[in-house]
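Working notes for the structure below.
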Protein chains: 2
Amino acid sequence: MSMRLQDVSEAAPLRSCTHEYKVNCETCRLSRICLPLAINHQDLEQLENIIQRSKPLQRNELLYHEGTPFQSIYAVRSGAVKGYRTTSDGREQVTGFYFPGEILGMDGISNNSHASSARALETSAICAIPFDSLERLSASMPSLQRHLFQLMSREITDDQLLITLLSKNSADERVATLLLSIANRNARRNLSASQFRLPMSRVDIGNYLGLTVETISRVFSRMQKTGMLRVDNKEIEILDQEALQQAANLAA
Amino acid sequence: MSMRLQDVSEAAPLRSCTHEYKVNCETCRLSRICLPLAINHQDLEQLENIIQRSKPLQRNELLYHEGTPFQSIYAVRSGAVKGYRTTSDGREQVTGFYFPGEILGMDGISNNSHASSARALETSAICAIPFDSLERLSASMPSLQRHLFQLMSREITDDQLLITLLSKNSADERVATLLLSIANRNARRNLSASQFRLPMSRVDIGNYLGLTVETISRVFSRMQKTGMLRVDNKEIEILDQEALQQAANLAA
DNA sequence: ACACGGCCATGATGCAGATCAAGAAGCGGT
DNA sequence: ACCGCTTCTTGATCTGCATCATGGCCGTGT
């Protein structure tokens with residue numbers, strides 16, 4: 001008899017893991033787009049000393065859960081993570097997807113408890129950055145303090161873009177916008193912007209975009225028919241960037 | 001011949017105003033819920049020294065405009081402000097309403113330019129807080145630094161709630177949720193939570209909630225008919241708090 | 001190899017809210 | 001007190017996406 005995937009590990013606290021090893025941001029190829037971006041050579045070691053890494057999360061494992069005490073923010077090293085929040089009637093609202101080099105968990109600061117949950121979409125390596133250490137460090141490192149403010153500000157503007165997308169754009173526009181966003185974020189990591197594998201299910205995409213699975217399927221089919229996309233299950237190829245941008249319309 | 005209201009003052013830069021007077025947060029009755037909340041007696045003067053106040057904004061005057069250089073965040077002293085962002089096809093997306101004691105403008109930090117615009121919904125007094133000064137100050141005042149992080153984090157969770165509202169809730173639920181939110185924020189300022197005047201138009205409400213004016217009108221009428229609300233133009237009275245909460249369903 | 005469960009695609013139908021239309025009510029300006 | 005404009009309300013109709021339903025596919029465990 002098999003376990004239902006959703007039930008795999010309702011809690012996998014990162015810090016309880018035994019074998020932590022020295023973090024080396026310097027050799028991390030993400031350092032240019034991740035937290036260290038704001039930090040000069042000499043100061044980097046101080047940051048490395050507070051960052052914790054541990055064994056990778058497996059697909060569907062929880063990184064943190066809404067309501068639990070807030071201690072760290074997290075940087076994705078590899079894999080992909082979804083952020084979501086549970087409505088009072090038990091449904092899920094996906095609030096974001098996080099790729100390597102991106103930071104999540106900052107919504108927990110205001111209440112000292114996580115306002116959302118985060119779950120690995122595939123096997124993912126995560127760096128945990130204890131926030132009180134980070135706070136102390138940033139008081140003496142203006143560039144780090146500024147970078148943190150900027151990161152949070154960025155999260156705000158991203159959320160505002162999603163709000164706009166949800167309230168003003170059609171299903172086609174929403175899907176096109178998401179695909180372009182993923183493509184751009186891939187480009188930032190020097191990956192292909194025209195061919196990639198979606199780490200999330202159609203359900204997650206629909207949930208994130210305020211649409212049903214069926215609608216996502218139909219939009220993909222339609223876009224495939226018009227030749228702007230090649231869709232093979234989770235494998236996406238953007239055949240006509242121009243047309244896709246057109247389809248996204250003027251969402252951003 | 002009369003001017004169209006929308007065209008009133010496309011830019012009213014706060015800092016160009018001549019008569020600035022000493023800010024006194026100490027005697028401000030909002031200090032308990034505003035920025036000074038995090039600051040002890042001795043340190044407060046330093047904060048007061050950097051905060052600028054100037055002559056009130058009139059209805060429909062701009063506080064800041066998307067794309068313009070970011071310099072300050074703003075605290076509402078009196079009146080009400082709407083935050084919005086213009087889509088590429090020229091339409092407006094209202095991203096939030098700000099009442100006395102609330103802070104706005106933090107979305108400008110990430111790019112050093114405002115990502116959204118803000119406009120007074122009625123005559124409003126605003127405190128401008130130059131962000132570079134605030135940054136410097138917060139490096140030496142841990143409680144202020146923390147409070148700023150919390151403020152931004154709060155903005156993120158608020159945006160996530162709106163995202164959820166937009167993508168999961170019906171028109172009735174959205175309107176009920178907004179009314180309850182306003183009621184709660186009134187209560188925080190020791191104003192009536194059951195009777196108040198909406199500072200914003202139906203258009204703004206609809207825009208914020210991802211609905212049309214007509215739908216807002218109909219929802220108000222419906223709620224009036226069932227007796228949970230009394231609506232007289234912008235004057236709102238919540239007659240059945242219980243029922244309204246029910247109608248908001250489990251949005252939060 | 002096969003069976004089961006989760007995931008995806010596609011068709012048929014329904015409905016909440018958009019759009020279109022028209023009038024009423026509030027309000028600043030003269 | 002009146003005019004012109006904007007805002008609000010209410011009704012009639014339309015539509016994009018949800019919902020319901022069904023079958024195919026694909027990966028995983030036995």
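Because only heavy atoms are used, hydrogens play no part in the values below, and waters and symmetry mates are left out as well, while side chains stay in. For clarity, every value in this text was computed on a predicted model and none was experimentally measured.
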### Query
With a non-hydrogen cut-off below 4.0 angstrom, is B:T212 in contact with a base, only sugar-phosphate, or nothing?
base
### Message
Parallel, tilted or perpendicular, judged at 30° and 60°: which one describes the rings of B:Y64 and B:H114?
### Response
parallel
### Task
From the options D:dC17, D:dT10, D:dC26, select the nucleotide whose nearest atom is closest to the side chain of A:N233.
D:dC26
### Message
Under 4.0 Å, counting only non-hydrogen atoms across every strand here, what does B:G210 touch: a base, just sugar-phosphate, or nothing?
### Response
sugar-phosphate
#### Entry: Spacing of B:R222 atom CZ relative to D:dT10 atom P, expressed in whole Å
11 Å
### Message
Nearest whole Å is fine: how far is D:dT7 C1' from B:R59 CZ?
### Response
10 Å
### Task
Flag the pair A:R197 and A:E235 as a salt bridge only when some basic side-chain nitrogen lies within less than 4.0 angstrom of an acidic carboxylate oxygen.
yes
### Query
What does B:L211 touch in the nucleic acid at a heavy-atom separation under 4.0 angstrom: a base, only the sugar-phosphate, or nothing?
sugar-phosphate
#### Entry: A:E61 vs A:R119, side chain to side chain contact (heavy atoms under 4.5 Å, CB included): CA-CA, chis, key distance, verdict
CA-CA 6 Å; A:E61 277 184 341; A:R119 196 181 285 272; over 6 Å; no
### Task
Would you mind classifying the nucleic acid contact of A:S217 as base, sugar-phosphate or nothing, using non-hydrogen atoms under 4.0 angstrom?
base
### Message
Whether the side chain of A:R218 and the base of D:dG16 hold a donor-acceptor pair under 3.5 Å is what I'd like checked.
### Response
no
### Message
Taking the minimum atom-to-atom distance to the side chain of A:S221, which one of C:dT10, C:dG17, D:dA18 wins?
### Response
C:dT10
